[in-house]
Asker: 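Have a look at this one before I ask anything.
The model shown is predicted, which means the values in this text are computed figures rather than measured ones. Proteins get letters first, then strands, A, B, ... in listed order; numbering begins at 1 in each.
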Amino acid sequence: MVELSEIGQHVLSDKKAIEIQGVGKCFRIYHDLNQSLKEKVINFRKRGYEKFWALRDIDLDIYQGETISLVGPNGSGKSTLLRLMTRIMTPNEGKISAHGKIAAMLELGAGFQPDLTGKENIYLNASVLGFTKREVDAIYDEIVDFAELGPFIDNQVKNYSSGMYVRLGFSIAINVNPDILLVDEVLAVGDEAFQAKCLEKINGFQRAGKTIVLVTHNVDLAAMISDRILWLENGRAKKLGDPRDICGEYHEFMRVDIEGTDYGTRRIVFTDVQILGGDGRPRAKFAYRDPMILRFAYEAAEPVERPVFGFGFYDHLGLMVYGTNTKLKGIQIPRVEGKGTVEYRIEALPMASGRYFLSVAAHTEDGLVNYHWMDKMFYFDMESAGSDAGYLNIDCDVQLD
Amino acid sequence: MKTKLKSLYQYRELLLNLTRKEVKVKYKNSVLGIVWSMINPLIMLLVFYIAFGLFFKVQGTGIEFFAIYLMSGILPWNFLANSLNLAVGTVVSNGNLVKKVYFPREVLPLANVGAAAFNFFLQSLVLFAFMLILRYHFSPWLLMFPLVMLLEALFIIGVALFLAALNVFYRDLQHLTEIVLMAWFWMTPIVYPITYITDKLPGWAQQIYFLNPMTHIIQLFHEIIYHPSVYGPTTSYLSTKGIIGTTAFSVGFVVLGYLFFTSREGRFAEFI
């Protein structure tokens, strides 16, 4: 196992591995995507499109031996930038040049031929990455070992499990020993042991003075292993700098962005959801041990038999912190019709600081059909004293002898 | 252009591997595997031999060994047809690769041509073996076989590069290719002797007919394999002008096709 503290300690140099100067990439969004000759002839020159700049004005020098992460929300252009670095796409503006052999992990096992064996695919895939048979011969055993495929290496790839598939893909990309490794969201493959192995390999890469460019949503992982982070937003560089600074700011920024959804058959519809303080007035911030009242107004156009009303608190990753409903509380509601309200009274909130999301639900007694489920559409903030980790504030003293 | 060619050279091993894959995947899970490549022309030959040699005597063509005549045209034609049919869609069908990994994209159609060339070569060997058994009079020009094959390959590569690149933007080409190939087949002297054309068509139509590079290429194959000066028809319509023209055309086509392809390959990933 690799010590986390070791990751991020690498050999830096002042030589540039990748130079990006004023790069912009523009996609055409066609109003009507007609890709046939007939339509092209008929609508000659009439085909309307809008320009969409996926990236603009990006300047970045990546130095040899550096690990840099590209972070940003969906659609911010980080994968496009990576694609430009690999030369899969060419920029519409500016210049991009790379010095050294590049291996890109954009999708593991891309280009595997299902009908060829693992062994044949290793050679084929490595040559797709631009490596020769002799180079692959030297590291063949390493690739197979790393992928933990054992005797399966002589089986056709189509018979592999999805885990074996990505392990082999990862193993090829990382073992062919490129100068520059481009990684797109693929470090999350395999089980924990395999992930640890991947991180260890990445660490070895860093110590060997290789350049790594990583695209990820996981800013914590980025902060852990990289020297610098480039934060992209709407195709432009929002911030470039020290991982720890950016990490905090990024979390802060992303937190505001809740994406709630609601769904259900709507035989019962919530018309109003209120988060109230102990005094019955709306509140958005609570302190440790504060009381809370949740009041949901609903409407049922037709009578509904034996409904269940519930709610849940979730953290920013979507994990449930607490949840309950009328059935769990031992209350049976025989039937509702027309307007009504449900009120939950929480005596004292036990949670630690942070933002918590609220889901509200009405469903059948067996829970199989949702009448209305408002998923994480509301939130409140907890401000608790203390710096303990986790969801809850637990009174805990320390004593040393 | 120079750097592009250099990078193509660097990826020569990929070309080889992809070609090998094309050959292998075609006969995946079959017991005989590559032997099928050889059985195919053998059966075709036997059928022709029996049908045309024994049942319907082909009259008035002046062609002895009609089966050999047919084969010496059909095999190189298949080289063209197989190459183009696969190459036209190759960038699109390898979309997962094109979108995820960089490599010189021209490798893809080249691999199709390579695989078809390999099959063509194998099948020709079968044909030659058959001719040996028949105690056929080999033409000394048969030694030029690799050269003629190279000429055809150049022509095919040129067309394949154009088709593969254009098909990314206009997918109709894939379907069009099949139809055009069928028409093209009949506009080339493969199943009929060229004298049919020279005897029956008016002058201007003949001129158009001889603009078809495949007319000259197939005639070259007839010349070196079928050996018309021994087996007839004695009049061959091969001309120095035609051969030089076809060669110049093929070379020019490869260069243009390559330029066309490489100038557009940067946009492939967006369109697939």
Side-chain angles (χ1 to χ4, degrees), chain A residues 25-28 30 33-41 54 79-80 82-92 98 101-117 120-136 156 158 169 173 182 184 186, chain B residues 3-4 6-30 33 91-105 107-108 111 166-177 179 262-272:
Chain A
K25 177 72 192 173
C26 176
F27 291 108
R28 293 173 182 184
Y30 289 99
L33 195 70
N34 39 21
Q35 274 192 328
S36 81
L37 205 59
K38 181 188 100 192
E39 288 162 64
K40 181 84 177 174
V41 171
S79 290
T80 304
L82 201 70
R83 249 154 241 219
L84 291 174
M85 291 184 199
T86 62
R87 293 188 290 169
I88 292 170
M89 292 178 181
T90 44
N92 299 80
K101 220 162 206 186
I102 295 182
M105 289 197 257
L106 296 190
E107 190 177 286
L108 295 173
F112 277 172
Q113 290 295 327
D115 289 305
L116 298 183
T117 67
E120 288 165 331
N121 266 303
I122 289 178
Y123 283 97
L124 184 60
N125 214 257
S127 65
V128 169
L129 295 171
F131 297 86
T132 63
K133 183 172 183 306
R134 202 177 308 155
E135 285 170 292
V136 182
Q156 288 179 327
K158 66 180 172 193
L182 307 176
D184 189 359
V186 291
Chain B
T3 49
K4 294 246 180 201
K6 212 174 128 193
S7 111
L8 178 59
Y9 180 72
Q10 275 168 356
Y11 279 83
R12 62 195 180 279
E13 204 152 309
L14 173 62
L15 178 57
L16 207 74
N17 276 338
L18 278 179
T19 307
R20 201 176 298 151
K21 178 213 97 183
E22 289 289 331
V23 173
K24 249 187 208 168
V25 167
K26 191 172 170 191
Y27 297 108
K28 63 190 173 190
N29 293 344
S30 63
V91 177
V92 175
S93 63
N94 285 294
N96 61 336
L97 262 187
V98 172
K99 282 198 285 190
K100 303 290 177 194
V101 196
Y102 169 80
F103 56 91
R105 276 73 171 92
V107 167
L108 291 171
L166 268 176
N167 186 59
V168 176
F169 308 105
Y170 309 106
R171 305 284 161 87
D172 305 61
L173 222 55
Q174 224 157 315
H175 313 289
L176 199 64
T177 303
I179 299 170
T262 49
S263 71
R264 271 156 189 79
E265 66 181 340
R267 287 166 62 207
F268 286 175
E270 294 165 42
F271 275 85
I272 294 170

Asker: Check each of A:Asn125, A:Val128, A:Thr86 against B:Val101 using the side-chain contact (heavy atoms from CB on, under 4.5 Å) test, and report the only one that passes.
Answerer: A:Val128
Asker: To the nearest 0.5 Å, tell me how far B:Tyr102 OH sits from A:Leu84 CG.
Answerer: 13.5 Å
Asker: Could you report the tightest heavy-atom contact between A:Arg134 and B:Glu13, atom names first, then the distance?
Answerer: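 In this case the closest contact between A:Arg134 and B:Glu13 is N-OE2, 4.4 Å.
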Asker: Say you draw a straight line from CG of B:Leu18 to OG of A:Ser127; how long is it, rounded to the nearest 0.5 Å?
Answerer: 6.5 Å
Asker: Would you check, one step at a time, whether the test side-chain contact (heavy atoms from CB on, under 4.5 Å) holds for B:Arg267 with A:Met89?
Answerer: CA-CA 6 Å; B:Arg267 287 166 62 207; A:Met89 292 178 181; over 6 Å; no
Asker: Rounded to the nearest 0.5 Å, what separates atom CG in B:Leu97 from atom CZ in A:Phe112?
Answerer: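 So the CG of B:Leu97 and the CZ of A:Phe112 are separated by 10.5 Å.
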Asker: Please check if atom NZ in A:Lys158 has more than 12 non-hydrogen atoms from other residues, nucleotides or ligands closer than 6.0 Å.
Answerer: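 More than 12 heavy atoms, drawn from other residues, nucleotides or ligands, come within 6.0 Å of this atom.
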Asker: Which atoms of A:Ile88 are under 4.5 Å from chain B, going by heavy atoms: the side chain, the backbone, both sets, or neither?
Answerer: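 A:Ile88 touches chain B through backbone and side-chain heavy atoms alike.
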Asker: Would you compute the distance between atom CD of A:Gln113 and atom CD of B:Glu22 and round it to the nearest 0.5 angstrom?
Answerer: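 So the gap between those two atoms works out to 8.0 Å.
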Asker: To the nearest 0.5 Å, what is the distance between NZ (B:Lys100) and CG (A:Asp184)?
Answerer: 7.5 Å
Asker: What part of B:Val98 is in contact with chain A, defined as an atom under 4.5 angstrom from a non-hydrogen atom: side chain, backbone, both or neither?
Answerer: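 The backbone, not the side chain.
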Asker: Which of the residues B:Gln10, B:Glu265, B:Arg105 is involved in the greatest number of heavy-atom pairs with chain A at under 4.5 angstrom?
Answerer: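 That would be B:Arg105.
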Asker: Report the C-alpha distance between A:Glu120 and B:Lys24 in whole Å, list the side-chain angles of each, state the deciding distance to 0.1 Å, and finish with yes or no for side-chain contact (heavy atoms from CB on, under 4.5 Å).
Answerer: CA-CA 11 Å; A:Glu120 288 165 331; B:Lys24 249 187 208 168; 2.7 Å; yes
Asker: Non-hydrogen atoms of chain A under 4.5 Å away: do they reach the side chain of B:Arg20, the backbone, both or neither?
Answerer: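 Neither part; nothing is under 4.5 Å.
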Asker: Quick check: closest heavy atoms across B:Glu270 and A:Cys26, and the distance to 0.1 Å?
Answerer: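 Looking at all heavy atoms of both residues, the shortest contact is OE1-O, 4.5 Å.
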Asker: What part of A:Leu82 lies closer than 4.5 angstrom to a heavy atom of chain B: side chain, backbone, both or neither?
Answerer: neither
Asker: Minimum heavy-atom separation for B:Asn17 and A:Tyr123, please, with both atom names.
Answerer: ND2-O, 3.5 Å
Asker: Does B:Lys99 have more than 12 heavy atoms from other residues, nucleotides or ligands lying within 6.0 Å of its NZ?
Answerer: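 Not more than 12 within 6.0 Å, no.
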